[in-house]
Amino acid sequence: MSIPSAVKSTPIAGRQQLADYLAAGEKPREAWRIGTEHEKFGFRTDDLKPPPFEGERGIRALLEGIAARHGWDIAREGETPVALTRGKANITLEPAGQLELSGAPLETIHQTCCEVNTHLDEVRSVAEGLGLGFLGMGFQPKWRRDEMPWMPKGRYKIMREYMPKVGQLGLDMMTRTCTVQVNLDFSSEADMVKKFRTSLALQPVATALFADSPFAEGKPNGYLSYRSHIWTDTDADRTGMLDFVFEDGFGYERYVDYALNVPMYFSYQDGRYIDLSGQDFKRFIAGELPALPGVKASMKDWADHLTTAFPEVRLKQYLEMRGADGGPWNRLCALPALWVGLLYDDEALDAAWDLVKDFSMAERHALRDGVPRQALKLPFRQATVRELAREMLKIAAHGLQRRGMLNRNDADERIYLEPLIEIVEANQTPAERKLELFHGAWGGSVDPVFREFAY
């Protein structure tokens, strides 16, 4: 949701104002929408290298080509094109040129899947002429961190310099990971709390289902979702499972307290990013930052600051599900189907909460810490994560069935869960399938992944 310009410049008067900003996201059920975002790796089809920003076959040429051919408007930072907009959808750049579609808020998964496929078709129509392809996976399978390009965006320069101070893998998160996530609405504070707790407890199960990052630098890395592991050593101040969400009294104000304690990255002032990395947002509210003497934080600064926390589920004026590796088009449709089925139907939400409400904090952390390596095969209580995933999918399917959103062929949204059901029934994640190919038909090379799994 964009902030009205009158609100953007509003100075922050107090904590309640920050909580009210979150509460302003509340919507009646009929206004609930589905916003899906996904990232993908670009590669040159001749040598498989990631394309730089500039040059005849660069990311800039791709953005300008998509804009010219398919009616997108170019958003610039200074003179540099850094994003595309069309209606309520955006195409943006991750730090190493991973291309992200931030989709429009849509009513059904049918519309979401149509949006995804239209986007991939449009990208392909321009990329092929540039000798570029795109791959959906959780982690860059072939190239080292120092071989990844950097996009000319001001906030990324600040983050690039700050990340090594707070974790070992933050630069890998920026340059070598891709995700798919879905953004969903809530009707009230109580509804937000229930959805937040349920989805946060189940996020590791989604990570297991979508695990698709088993390679690094051309060989197996010992994980099934290495992308998920990377978040455990990125920046402890702004990542993780947020244990306080499960405590009595959790609500907007408690999330505000959390976000206020997340160190800053930047403030965007007069068209440029001011480096405020590691500084205290509370001091910014008071106008006490040395880099911005006398300047007090506005509500636009608060909205920006909320985007710099990276927990497994994130609250803005909606909830973001952040646990899944990127993947092929059908899993880009499956992720929103999974969470909509669980969270947008009252009976399903009750059943999903019943599934997780007695998880202890230790169990939630054991799931979060264990699934990057073991995914569905991680032991949990008397069974494994696979059984949790199976139950989660059953609940989601019933939720989608009750929603009753039909496509032209009178099929409801359950059809988009099929790739996930296949994963559970085979007890084989996408990562394990790729490892099987690596050790078999691919002869110990990751190069075939760029041909066989490209969009």
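All values below were derived from every heavy atom in this structure, side-chain atoms included, with hydrogens, water molecules and symmetry-related copies excluded. Position 1 is the first residue of the sequence, and the numbers go up from there.
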In Å and rounded to the nearest 0.5 Å, what is the CD1 to CG distance from I109 to L417? 9.0 Å

Check for a donor-acceptor pair, side chain of Q140 on one end and backbone N or O of R145 on the other, with a separation under 3.5 Å. no

Is a side-chain donor-acceptor pair under 3.5 Å present for D304 with T307? no

Apply ring pair (Phe, Tyr, Trp, His ring centres under 6.0 Å) to Y226 and list each qualifying residue two or more places apart in sequence or on a separate chain. F139, Y223, H229

For the residue pair D358 and E363, what are the closest heavy atoms and their distance? O-OE1, 4.0 Å

Could you state the interatomic distance from OG1 (T429) to CG (L420), rounded to the nearest 0.5 Å? 12.0 Å

Set out, in order, the CA-CA distance, both residues' side-chain angles and the distance that settles side chain to side chain contact (heavy atoms under 4.5 Å, CB included) for R403 and L400, then state yes or no. CA-CA 5 Å; R403 264 169 62 84; L400 294 174; 4.3 Å; yes

Taking W143's backbone N and O only, do any of them form a donor-acceptor pair with R176's side chain (distance below 3.5 Å, no angle check)? yes

Carefully, step by step, assess L120 and K40 under the rule side chain to side chain contact (heavy atoms under 4.5 Å, CB included). CA-CA 10 Å; L120 293 174; K40 50 206 164 290; 4.0 Å; yes

Hits for salt bridge (Lys or Arg N to Asp or Glu O under 4.0 Å) against R368, two or more places apart or cross-chain, chain-then-number order -> E312

K195 backbone acceptor or donor facing T198 side chain under 3.5 Å: no

Smallest heavy-atom separation, L63 atom then A83 atom, equals CD1-N, 4.4 Å

Could you tell me which non-hydrogen atom of P164 sits nearest to which non-hydrogen atom of L171, and how far apart they are? CG-CD1, 3.8 Å

Tell me which pairs pass side-chain hydrogen bond (donor to acceptor under 3.5 Å, both in side chains) where either residue lies in residues 70-85, with sequence neighbours left out. H70-S125, W72-E122

Is there a donor-acceptor contact under 3.5 Å from the side chain of W32 to the main chain of K27? yes

C113 SG to E115 CD distance, which is reported to the nearest 0.5 Å: 10.0 Å

Quick one: are M241 and L200 in side-chain contact, heavy atoms under 4.5 Å? yes

Would you say K88 has more than 12 foreign heavy atoms packed within less than 6.0 Å of its NZ? no

Could you state the interatomic distance from OH (Y258) to CZ (R238), rounded to the nearest 0.5 Å? 8.0 Å

Can you find a heavy atom in the side chain of L338 that is under 4.5 Å from one in the side chain of Y416? no

Which heavy atom in L343 sits nearest to a heavy atom in L184, and how many Å separate them? CD1-CD1, 4.0 Å

Is it the case that the ring center of F359 lies less than 6.0 angstrom away from the ring center of F380? yes

K316 atom NZ, over 12 foreign heavy atoms within 6.0 Å: yes

When you compare the side chain of F453 with that of P430, does any pair of heavy atoms fall below 4.5 Å? no

Is there side-chain contact between L62 and F134, with at least one heavy-atom pair below 4.5 Å? yes

Any non-hydrogen side-chain atom of L202 less than 4.5 Å from a side-chain atom of L355? yes

State whether the side chain of Y344 and the backbone N or O of R33 hold a donor-acceptor pair below 3.5 Å, judged by distance alone. yes

Count the heavy atoms belonging to other residues, nucleotides or ligands that lie under 6.0 Å from CZ of R272, then report whether that count exceeds 12. no

Look at the side chain of D345 and the backbone N and O of G341, then say whether any donor-acceptor pair between them is shorter than 3.5 Å. no

Worked check of side chain to side chain contact (heavy atoms under 4.5 Å, CB included) between F186 and L315: CA-CA 11 Å; F186 45 84; L315 176 62; 3.7 Å; yes

Would you say that L22 contacts M192 through its side chain, given a criterion of any heavy-atom pair below 4.5 Å between the two side chains? no

Taking only residues at least two apart or on different chains, which pairs with a member in residues 243-256 satisfy side-chain hydrogen bond (donor to acceptor under 3.5 Å, both in side chains)? R15-E253, E26-Y252, D243-H365

Please answer whether the main-chain N or O of H110 pairs with a side-chain N or O of E413 as donor and acceptor at a distance below 3.5 Å. no

Which residues share a disulfide bond (SG atoms under 2.5 Å apart) with C178, sequence neighbours left out: none

Could you tell me the separation between the CH2 atom of W231 and the OG1 atom of T177, rounded to the nearest 0.5 Å? 6.5 Å

Applying side chain to side chain donor-acceptor pair (under 3.5 Å), can you list everything that pairs with D354, at least two apart in sequence or on another chain? K357

Check for a donor-acceptor pair, side chain of S298 on one end and backbone N or O of K300 on the other, with a separation under 3.5 Å. yes

Are the side chains of I230 and R227 in contact, using a 4.5 Å heavy-atom criterion? no

May I ask you to decide whether D350 forms a salt bridge with K194, counting only side-chain N to carboxylate O separations under 4.0 Å? yes

Any donor-acceptor pair under 3.5 Å linking the side chain of T239 with the backbone of F310? no

Any Q203 side-chain heavy atom under 4.5 Å of V313 side chain: yes

Which atom of L130 lies closest to which atom of A61, heavy atoms considered: CD1-C, 4.1 Å

Check the pair V182 / T36 against side chain to side chain contact (heavy atoms under 4.5 Å, CB included), numbers first and verdict last. CA-CA 4 Å; V182 63; T36 305; 4.1 Å; yes

Which word best sums up how the rings of Y268 and Y273 line up, parallel for under 30°, tilted for 30 to 60°, or perpendicular for over 60°? tilted

Looking at every non-hydrogen atom in both residues, tell me the closest pair between A211 and A375 and how far apart they are. CB-CB, 4.2 Å

Over 60° means perpendicular and under 30° means parallel, so tell me whether W302 and F281 are parallel, tilted or perpendicular. tilted

Does E347, at its CD atom, have more than 12 non-hydrogen atoms belonging to other residues, nucleotides or ligands within less than 6.0 Å? no

Check: A397 main-chain N/O paired with Q401 side-chain donor or acceptor under 3.5 Å: no

The single option from E39, H38, E320 that satisfies side-chain hydrogen bond (donor to acceptor under 3.5 Å, both in side chains) with Q181 is E320

Nearest-0.5 Å distance, CD1 of residue I59 to CG of residue L99: 6.5 Å

State whether the number of non-hydrogen atoms from other residues, nucleotides or ligands found under 6.0 Å of Q168 atom CD is greater than 12. no

